[in-house]
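The sequence lines fix the lettering, A, B, ..., with proteins before strands; numbering per chain opens at 1.
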Amino acid sequence: MPELPEVETIVRALRPKLIGRTILAADLLWPRTLVTPSASQLQEAIAGQDILAVARRGKLIHLRLSTFNLFVHLRMSGDLYIKEADALPEKHDRLILTLSPNGQAKAQKLVFDDARKFGRAWLVREPQEVTGKLGPEPLEDGFTPQSLYAGLQARRRQLKPLLLDQSFLAGLGNIYTDEALHRARLHPQAMSNSIKREQAEALWEAIRAVLQEGIRRNGASIDWVYRGGQFQNHFRVYGREGQTCPVCGTTIQRTVVGQRGTHFCPVCQPRE
DNA sequence: CACGTCACCTGCGTGC
DNA sequence: TGCACGCAGGTGACGT
């Protein structure tokens, strides 16, 4: 489900409900969900931790706690939401955190739900332990047309796998990469070091535009997991194989690049 | 360093 | 209805 805009949407929804509350207990239902610490150390470490801030780094959800930092990566099918404490456990619940009551609100719990079990959580002292290898945030000031151009020149890789590499840029996934490349009129398999300065500028602009539009529409919901987003109704290429390009009317093609389904317009995005 | 392949998992849609 | 198959928003560990 989630790329940067979907994670940002979840973070914005959770932030006002979580800040100022205390985690009372943890219940780990699928042990591999927790990378660190060990399941036996989790309870003692997390009980009594206050939630000071709720943030996002790339696709990671970051809860800043009194003395620890909790990170959650939703991977393919994860979701994170608040339920009433007396709600029945569901089939795909993997980690449940009991929250202190919030004013007159009833006791609640923060649930990490993940059908495919790819999602992961970390409870660490230092954020760097989890975020250390991530590339720049595409919507922050450190990411500029110049830095993107320099990064592209420094590598010799196909554009799509490079943009999916979280150490190159943090937050793009399969959908937003296809959408950004289409907006920038670049072929997914163009080599990064062949990109001209003005093309890099167009790509920078396209990346920011698709992410901002995704956030504005509360993300994309394209399967049974995520709810509420509208961006899926505005895809130009993703999932539109056989339909027409909204720019030129050509039939959108689907191919496979780096094991990922890849959608593009052969006219707007010529291979050259 | 770049790339291909597999592994991790479950569930849904399609076609026979 | 059942069943096999392909596909899925992500990443990490391999081998070449």
Side-chain angles (χ1 to χ4, degrees), chain A residues 1-11 29-36 56-61 71-80 90-95 112-122 129-135 138 151-181 188-194 207 210-211 213-215 217-242 254-263:
Chain A
M1 147 188 141
E3 305 180 31
L4 186 155
E6 289 73 38
V7 177
E8 180 67 24
T9 299
I10 290 171
V11 163
L29 291 94
W30 180 254
R32 297 188 60 173
T33 296
L34 185 66
V35 177
T36 187
R56 177 191 58 73
R57 176 74 174 96
K59 300 173 192 172
L60 288 160
I61 297 165
F71 288 92
V72 173
H73 197 307
L74 303 173
R75 291 278 180 97
M76 295 286 269
S77 59
D79 199 0
L80 191 65
E90 291 187 57
K91 185 176 179 182
H92 302 312
D93 291 354
R94 307 301 178 199
L95 174 64
F112 182 12
D113 168 288
D114 184 24
R116 291 177 69 181
K117 301 176 176 173
F118 289 168
R120 292 291 181 265
W122 298 255
E129 293 178 46
V130 180
T131 63
K133 292 178 181 168
L134 288 180
L152 294 170
Q153 299 308 308
R155 321 261 191 136
R156 186 171 302 196
R157 294 181 63 182
Q158 295 181 340
L159 284 183
K160 172 148 179 177
L162 182 57
L163 293 174
L164 288 173
D165 183 338
Q166 301 298 296
S167 70
F168 182 77
L169 187 64
L172 286 180
N174 208 36
I175 292 176
Y176 291 89
T177 299
D178 281 2
E179 293 297 313
L181 288 169
Q189 292 176 281
M191 294 305 290
S192 62
N193 58 321
S194 75
I207 289 167
V210 296
L211 293 177
E213 187 181 352
I215 291 170
R217 298 192 187 279
N218 296 315
S221 18
I222 58 176
D223 69 13
W224 72 102
V225 176
Y226 192 52
R227 62 283 184 237
Q230 290 298 309
F231 189 59
Q232 70 278 9
N233 300 322
H234 301 271
F235 295 160
R236 298 188 189 181
V237 287
Y238 183 83
R240 298 190 63 247
E241 179 187 18
R254 179 185 182 278
T255 180
V256 175
V257 179
Q259 326 297 111
R260 310 300 302 278
T262 295
H263 313 76

task = Please report the closest heavy-atom contact between A:Pro2 and A:Val7, naming both atoms and the distance.
result = CB-CG2, 3.8 Å
task = Scan side-chain atoms only and decide if A:Thr9 and A:Asn218 contain a donor-acceptor pair under the 3.5 Å cut-off.
result = no
Whole-Å distance separating the CD atom of A:Glu241 from the P atom of C:dA8 = 10 Å
note = In whole angstroms, the gap separating P of C:dC7 from CD1 of A:Ile175 amounts to 17 Å
query = Rounded to the Å, how far apart are A:Arg155 CZ and B:dC3 C1'?
reply = 14 Å
query = Taking only side-chain nitrogens and oxygens of A:Arg94, does any of them come within less than 4.0 Å of OP1 or OP2 of B:dT10?
reply = no
query = Under a 3.5 Å cut-off on both pairing distances, which runs of 3 or more consecutive Watson-Crick or G-U pairs involve DNA chain C?
reply = B:2-8 with C:10-16, B:10-16 with C:2-8
key: Value in whole Å for how far the P atom of C:dG10 lies from CG of A:Asp79   = 15 Å
ask   = Which part of the nucleic acid, if any, lies within contact of A:Tyr176, taking any heavy atom under 4.0 Å across all strands shown: a base, the sugar-phosphate backbone alone, or nothing?
value = nothing
request  = Determine the interatomic distance between P on C:dG6 and the same-named atom on B:dT5; round to the nearest Å.
outcome  = 16 Å
message = Quick check against the 3.5 Å criterion: does A:Arg156 have a side-chain atom that pairs as donor or acceptor with the backbone of A:Gln153?
response = no
message = Donor-acceptor check, side chain of A:Arg120 to backbone of A:His73, threshold 3.5 angstrom: yes or no?
response = no
message = For a quick test of reading the model: is some side-chain N or O of A:Lys59 closer than 4.0 Å to OP1 or OP2 of C:dT11?
response = yes
request  = Using atom CE of A:Met76 as one end and atom P of B:dC12 as the other, report the distance to the nearest whole Å.
outcome  = 15 Å
request  = Consider the side chain of A:His92, meaning its heavy atoms from C-beta on, and name the nucleotide among C:dA8, B:dG11, C:dG10 that approaches it most closely.
outcome  = B:dG11
query = Looking only at side chains, do A:Thr262 and A:Lys160 share a donor and an acceptor under 3.5 Å apart?
reply = yes
Any side-chain donor near an acceptor of the partner, A:Asp178 and A:His263, under 3.5 Å = yes
note = Here the distance between atom C1' of C:dT11 and atom CG of A:Leu164, to the nearest Å, is 11 Å
query = What's the CG-C1' distance between A:Asp165 and B:dA2, to the nearest Å?
reply = 11 Å
What N/O pairs connect the protein and nucleotides 6-9 of chain B at under 3.5 Å? Give each pair on its own line.
from  : atom 1 : to       : atom 2 : distance (Å)
B:dC9 : OP1    : A:Arg32  : NH1    : 2.7
B:dC9 : O2     : A:Arg116 : NE     : 2.8
B:dC9 : N3     : A:Arg116 : NH2    : 3.4

query = So, are A:Arg157 and A:Asp165 salt-bridged, with charged N and O less than 4.0 Å apart?
reply = yes
inquiry  = Under a 3.5 Å distance rule, please check whether A:Gln166 uses its side chain to pair with a backbone N or O of A:Leu172 as donor and acceptor.
reply    = yes
message = Heavy atoms only, 4.0 Å cut-off, all strands: where does A:Lys91 land among base, sugar-phosphate and nothing?
response = sugar-phosphate
query = What is the distance, rounded to the nearest whole Å, between atom CG of A:Asn174 and atom P of C:dC7?
reply = 13 Å
query = Any side-chain N or O of A:Arg157 less than 4.0 Å from the OP1 or OP2 oxygen of B:dC3?
reply = yes
Pair A:Tyr176, A:Glu213: side-chain N/O donor-acceptor within cut-off below 3.5 Å = no
Pair A:Arg217-A:His234, side-chain donor/acceptor within less than 3.5 Å = yes
